[in-house]
J.: 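To start, I am sharing the structure in question, which I have written as structure tokens.
Naming convention: chains lettered A, B, ... in sequence-line order (proteins, then strands); numbering from 1 in each chain.
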Protein chains: 2
Amino acid sequence: MPPDPRFRVGDIAARTGVSVRTLHHYDEIGLLRPAHRTVSAHGSGHRLYSVADLSRLQQILSLRQLGFTLDEIADALAGPRFDPLAVVRLHLARAKEVLKSQHQLCDRLEHLAGHLERAEEVSADTFLRTVEATIMAENHFNLPPDQAATLAAHWAQYSPADIEAVQNEWPILIGKVKDAMTAKKDPRSPEVRALAARADELTRMFTGGNASVSAQLRQRYESDPELQQKAGIDPAVMAYLAQARGE
Amino acid sequence: MPPDPRFRVGDIAARTGVSVRTLHHYDEIGLLRPAHRTVSAHGSGHRLYSVADLSRLQQILSLRQLGFTLDEIADALAGPRFDPLAVVRLHLARAKEVLKSQHQLCDRLEHLAGHLERAEEVSADTFLRTVEATIMAENHFNLPPDQAATLAAHWAQYSPADIEAVQNEWPILIGKVKDAMTAKKDPRSPEVRALAARADELTRMFTGGNASVSAQLRQRYESDPELQQKAGIDPAVMAYLAQARGE
DNA sequence: GGTACCCCCTCACGCGGCGTGAGGTTCAAG
DNA sequence: CTTGAACCTCACGCCGCGTGAGGGGGTACC
């Protein structure tokens, strides 16, 4: 049995480029506690990271690159069925996007350089497109996670069984709502209000309770008739539910 | 004569992705003032950007991407002979570096994903290398400008004539210092101190007064005998100058 | 067993570059 | 002349560490 290796902050810093301060910080906020520490009388001992810790560090950096805040990352990693492979795949997808936008940026910069070399007048459009490419490259790198990533990261926390259960319940629930509508039941009745509440609950599971995600999702539903049909939601149902919620 | 086009904050934001707040901010700190404003009685009018402003915006974003702070960018753009083409070329070079590191990152992530898919045990080394690739990709994107960029950006502010003048003066100055040394003149004499002061001045022109750059430069000179010969500086001269400065 | 040297530790302050309302004004279309 | 969208000016807030200061711990070589 090989004694599993231990890594000290300096080792990790030297080999990866992660700063010592960053490791300290992640420890402070409880995001990445080293598996062990050396024992000592006075101060606290030196941090000793295990291989599992390195794995977690990799996940953290991938999620950070995806634009999540450290708090969000902590939540994601704490999820019951969180999936490292899914995270790596998301990061990979993002990295490929960056590649593409970076390529475009190079094209644009070369274009602009060409104009400047020939001392030509440069059009506003050229500047605008160059700036756009610059910003897009930045966005793919730094910015808040897009819905896709947010949703994916959220879904990764649920098991396939959970997901299936939700997807099965949804049409049933909508069916009940439609029944209530055709029966002309009062939307403010306790029965209908319960249905609406459950619908909201399921929606929250879908969106992870993220306000901006659910807002965007609603917009897309409202503007896309096809999606409405697939989910069985039409404006009438939406209005009915809104009434039930007391709006 | 076509009336040159004017752009409003919203136009620019919509077409490039630069936020309105960012434009406001650059205006506030005096980094990018719009060429015009609409006139109005109470508040200040709407900002109207000219094509020249767009050009400046492009330069700002390129320099920002290179890792300069907004203050540094302001200085660079205020330089007497600052060169937009040089900036674009630097940005392009950087963008290509990013492409390379991003490629490596993709390789590493695919490697890691492969291991995870096959549910194999993943080695510490694999994690470390993946983390390293992640950090390197970030560094090429976000980090403070390396000396190369700093120096290049600084040099871009001088005309070829300026540069030549400095390069001509340097050997003459060093010659005078050596003369003083062989004549065993007191390093604290006003004459020698003046020479040292001028040497520092020229050095500052070389390094742009950037402390970290000049520090790095000194280290390289101290550790590289070849460079010393080319510049005519040997440890004895350095020591003599240090005395003249009163160290 | 000493002891030199480097690495590690714990505070704790600070900050760059905007995001994000709040509350009022201006512009262009109808 | 009236909208409504787009613009304006404050002004507070924040993430994720960087960067010292001041002091203990580990280890390799004598």
J.: Would you tell me if any nitrogen or oxygen in the side chain of S19(B) comes within less than 4.0 Å of OP1 or OP2 on dG19(C)?
T.: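 Indeed, a polar side-chain atom of S19(B) lies that close.
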J.: Please compare H25(A) and S40(A) by the position of their nearest nucleotide in DNA chain D and report the one closer to 5'.
T.: H25(A)
J.: Tell me every residue that passes side chain to side chain contact (heavy atoms under 4.5 Å, CB included) with S44(A), counting only those two or more places apart in sequence or in another chain.
T.: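 Applying side chain to side chain contact (heavy atoms under 4.5 Å, CB included) to S44(A) gives R37(A).
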J.: Taking side-chain hydrogen bond (donor to acceptor under 3.5 Å, both in side chains) as the test, write out the residues that go with S40(B), two or more places apart.
T.: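 Partners of S40(B) under the side-chain hydrogen bond (donor to acceptor under 3.5 Å, both in side chains) test: none.
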J.: Taking CD1 from I29(B) and P from dG17(C), how many angstroms apart are they, rounded to a whole number?
T.: 7 Å
J.: Given atom CZ of F68(A) and atom C1' of dC15(D), what is their separation to the nearest angstrom?
T.: 16 Å
J.: Quick check: on DNA chain C, is the nucleotide nearest T38(B) upstream (toward 5') of the one nearest D71(B), or the reverse? Name the residue that is more 5'.
T.: D71(B)
J.: Please determine, for the side chain of H42(B), which listed nucleotide (dG25(D), dT26(C), dC18(C)) has the closest atom?
T.: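 Ranking dG25(D), dT26(C), dC18(C) by closest atom to the H42(B) side chain puts dT26(C) first.
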J.: Mind calculating the distance between CZ (R6(B)) and C1' (dC27(C)) to the nearest angstrom?
T.: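 In whole Å, dC27(C) C1' and R6(B) CZ are 16 Å from each other.
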J.: Could you list the residues that satisfy ring-ring contact (aromatic ring centres under 6.0 Å, His included) with H24(B), not counting sequence neighbours?
T.: none
J.: Who are the ring-ring contact (aromatic ring centres under 6.0 Å, His included) partners of F141(B), not counting sequence neighbours?
T.: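 Once residues adjacent in sequence are excluded, the partners of F141(B) under the ring-ring contact (aromatic ring centres under 6.0 Å, His included) criterion are F141(A).
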J.: State, without any angle test, whether Q58(B) and S62(B) hold a side-chain donor-acceptor pair at a distance under 3.5 Å.
T.: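 The criterion, which ignores hydrogens and geometry beyond distance, is satisfied for S62(B) and Q58(B).
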J.: List the protein contact pattern of nucleotides 5-10 of chain D with one symbol per nucleotide (5' to 3'): B for base contact, S for sugar-phosphate-only contact, - for none; contact means a heavy-atom distance under 4.0 Å.
T.: -SSSB-
J.: Specify the separation, in whole Å, of atom CD1 of I60(A) and atom P of dG16(D).
T.: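 Distance check: I60(A) CD1 to dG16(D) P gives 12 Å.
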J.: Reckon Y26(A) has a side-chain N or O less than 4.0 Å from the OP1 or OP2 of dG16(D)?
T.: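 Result: no.
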J.: Applying salt bridge (charged side-chain N to carboxylate O under 4.0 Å, His left out), which residue pairs with at least one partner in residues 55-66 of chain B are found, sequence neighbours left out?
T.: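 Applying salt bridge (charged side-chain N to carboxylate O under 4.0 Å, His left out) to every pair that reaches into residues 55-66 of chain B, excluding sequence neighbours, yields E138(A)-R64(B).
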J.: If the helix axis at each end comes from five base pairs, how far does the helix from dG1(C)-dC30(D) to dG30(C)-dC1(D) deviate from straight, to 10°?
T.: 30°
J.: Scan for salt bridge (charged side-chain N to carboxylate O under 4.0 Å, His left out) pairs involving residues 16-26 of chain B, sequence neighbours excluded, and state none if there are none.
T.: R21(B)-E28(B)
J.: Measure the CG-CZ distance between D11(A) and R6(A) for me, rounded to the nearest 0.5 Å.
T.: 13.0 Å
J.: Can you measure L23(A) atom CG to dG16(D) atom P for me and round it to whole angstrom units?
T.: 15 Å
J.: With sequence neighbours left out, which residue pairs that include part of residues 84-115 of chain B fulfil the ring pair (Phe, Tyr, Trp, His ring centres under 6.0 Å) condition?
T.: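 Residue pairs with at least one partner in residues 84-115 of chain B: H111(B)-H115(B).
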J.: So V39(A), base contact, sugar-phosphate only, or nothing? Heavy-atom distance under 4.0 Å.
T.: sugar-phosphate
J.: In whole Å, what is the span from the CZ atom of F141(B) to the C1' atom of dG16(D)?
T.: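 Going from CZ in F141(B) over to C1' in dG16(D) covers 18 Å.
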